[in-house]
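These numbers come from the heavy atoms of this one structure, side chains and all, not from hydrogens, waters or symmetry mates. Every value quoted in this text rests on a predicted model; they were computed, and no experiment measured them.
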Amino acid sequence: MLYFCFLIQTFFCFYENDFYYAPTVNQFLKNQKKLANDLFDGYDATIAPIYSQFDLSKPVDYDPMGPKRFNYSIFLYFLKIVEVIEPEEKVSVILEIAETWYDARLAWDPTLYNDIRILYVRQERVWSPTISSFKINDMIDFRDQDFRMVGVDYRGHINSTVSLKMSLNCPLDVTKFPFDSQTCVIQFSLPLFAFKFTQLFNQIYHGILDENVWKGMGNSEWDLVNLTNRVDILSYGDGFGDFQLATFEIKIRRNPMYYLYMIVLPSFIINTLSIIGVFMRKSDRMSKLNVGLTNIMTMTFILGVMADKIPKTGSIPLLGIHIVVNLFITVAAIGITVLIGKFKKSVSKKSMMSQKMMRTLEDWLDIICMVVLEGAIFANFFVIIGFWIWS
């Protein structure tokens, strides 16, 4: 126990006693303190370092020798798809971004401070631009307000990192559902400052521009297949309401295996067996009708399940067309069975010779109708499988 206490005391003394610091570290800390005192002496973090005396009636950068616009850069180095809520057309993602801007008041000569070129301080000590998201339902900043840090280099460039969870408003095109791909945009802006005062830049870390890396950025249902960046200009035509949008565009593709195994394949098996049951020779008409009606109820239930997964748009999804076609095939089978039953009643009143001929014709009619409708079911199945293979 005494030995343990001695170790604890020695451990804390290592951090408290200057004797345990290397002389270069002590000198660095002194120079850093002097730099911070000089740098923030008279500095006001509530005032923006943005030059605002440009002539708004003239084109952007009209004076090549004059001051430049305030530059703000966004650097994306991680993205993760959390969930896609199709009925609400919302896509939730997690972003890790770095932001950089310039403040001329925070530049210094490294030779005056023993070649210190970067200083790490609390973000509250420097002015920070208020970045806003555009066309976003919700945004959560995971950073702790009390422990946000920034790096300031000797040229006046300030670097910070941001961890965000964003809920994007992403219109979905479900025409090819469940083999669909969707394109969504993540946009940032500085709407408070005039377009001619500021300039936005955005970039994607080259390390994540790799298809192997993209595999880990999707989720169980959606895969990330493309990631690009650009800067858009939102213009209202008046020259004053214009502002830039730092845009990251993501393209995601649905993994259709769940729908193939849980909807397409079961409906194919159920329809195939139902058609056989409807045209079985030794079954009575009521049993055949029960088989057909049960299949209709099953297809209707599957349509209801699918409807809960997609937004209420004007287009009919591919999977919906597939199920409706199966539903019509079953209805056609029931209709043919009813007609054949009426045909049998009319034949029963004729001569024995006619009844024998009609019975033979009825058997072949059942077989022909079963083969034709089964062929339609197989064709419908292979059509949707073809979309899966070629999508």
Side-chain angles (χ1 to χ4, degrees), residues 174-179 256 258-310 312-391:
V174 294
T175 305
K176 295 182 179 180
F177 173 84
F179 311 111
Y258 172 83
Y259 300 96
L260 290 175
Y261 284 120
M262 301 302 293
I263 294 180
V264 175
L265 186 59
S267 65
F268 167 70
I269 295 173
I270 292 172
N271 275 275
T272 301
L273 296 178
S274 296
I275 296 300
I276 294 174
V278 168
F279 290 103
M280 285 186 68
R281 293 175 56 189
K282 295 184 179 181
S283 298
D284 59 276
R285 189 174 67 170
M286 188 57 64
S287 297
K288 295 180 179 181
L289 290 177
N290 287 336
V291 170
L293 293 174
T294 302
N295 189 27
I296 289 175
M297 293 177 61
T298 303
M299 294 298 104
T300 305
F301 175 76
I302 293 175
L303 278 174
V305 172
M306 187 199 68
D308 292 336
K309 285 289 294 177
I310 60 175
K312 308 302 186 288
T313 62
S315 59
I316 302 176
L318 179 64
L319 183 58
I321 295 174
H322 172 77
I323 296 172
V324 170
V325 170
N326 281 340
L327 186 61
F328 282 154
I329 292 173
T330 304
V331 171
I334 294 175
I336 292 172
T337 301
V338 172
L339 291 176
I340 291 176
K342 291 185 177 181
F343 179 71
K344 288 171 65 176
K345 282 186 177 181
S346 63
V347 170
S348 62
K349 299 178 182 179
K350 297 183 179 180
S351 64
M352 295 294 295
M353 191 68 166
S354 298
Q355 290 182 21
K356 187 174 181 181
M357 292 178 59
M358 291 304 177
R359 228 178 269 115
T360 304
L361 180 63
E362 178 191 353
D363 293 341
W364 280 103
L365 190 61
D366 283 341
I367 294 173
I368 292 171
C369 290
M370 182 178 68
V371 171
V372 170
L373 293 179
E374 289 286 16
I377 290 174
F378 272 84
N380 191 32
F381 176 72
F382 284 115
V383 165
I384 199 165
I385 293 299
F387 272 97
W388 173 45
I389 294 173
W390 296 107
S391 63

Q: Identify the two heavy atoms, one from Ile302 and one from Ser267, that lie closest to each other, and give their separation to 0.1 Å.
A: CD1-CB, 4.2 Å
Q: Between atom CD1 of Ile270 and atom OG1 of Thr294, what is the distance when rounded to the nearest 0.5 Å?
A: 10.5 Å
Q: With heavy-atom distances below 4.5 Å as the criterion, would you say the side chains of Ile276 and Glu374 are in contact?
A: yes
Q: Within the 4.5 Å heavy-atom criterion, are Phe177 and Tyr259 side-chain neighbours or not?
A: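 Result yes, sub-4.5 Å side-chain heavy-atom pair found.
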Q: How long is the straight-line distance from OG1 of Thr272 back to CD1 of Ile377, given to the nearest 0.5 Å?
A: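 Here the rounded value is 5.0 Å.
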Q: Looking at Asn380 and His322, what are the two nearest heavy atoms and their distance?
A: ND2-O, 3.0 Å
Q: Shortest non-hydrogen contact from Pro256 to Pro178?
A: CB-O, 3.4 Å
Q: Quick check: closest heavy atoms across Gly292 and Thr330, and the distance to 0.1 Å?
A: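 It is O-CG2, 3.4 Å.
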Q: A side-chain contact here means heavy atoms from C-beta on lying under 4.5 Å apart; do Leu260 and Leu265 qualify?
A: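 Leu260 does not reach Leu265 side chain to side chain.
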Q: Any side-chain heavy atom of Phe279 sitting closer than 4.5 Å to one from Leu373?
A: yes
Q: In terms of relative ring orientation, are Phe378 and Phe268 parallel, tilted or perpendicular, with 30° and 60° separating the classes?
A: perpendicular
Q: Minimum heavy-atom separation for Ile334 and Leu293, please, with both atom names.
A: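 Ile334 and Leu293 have their closest heavy atoms at CD1-N, 3.8 Å.
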Q: I need the minimum non-hydrogen distance between Asn271 and Asn326, along with the two atoms involved.
A: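 Heavy-atom minimum between the residues: OD1-O, 3.3 Å.
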Q: About how many Å separate OG1 of Thr300 and CG of Asn295, when rounded to the nearest 0.5 Å?
A: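 Reported value, rounded in 0.5 Å steps: 9.0 Å.
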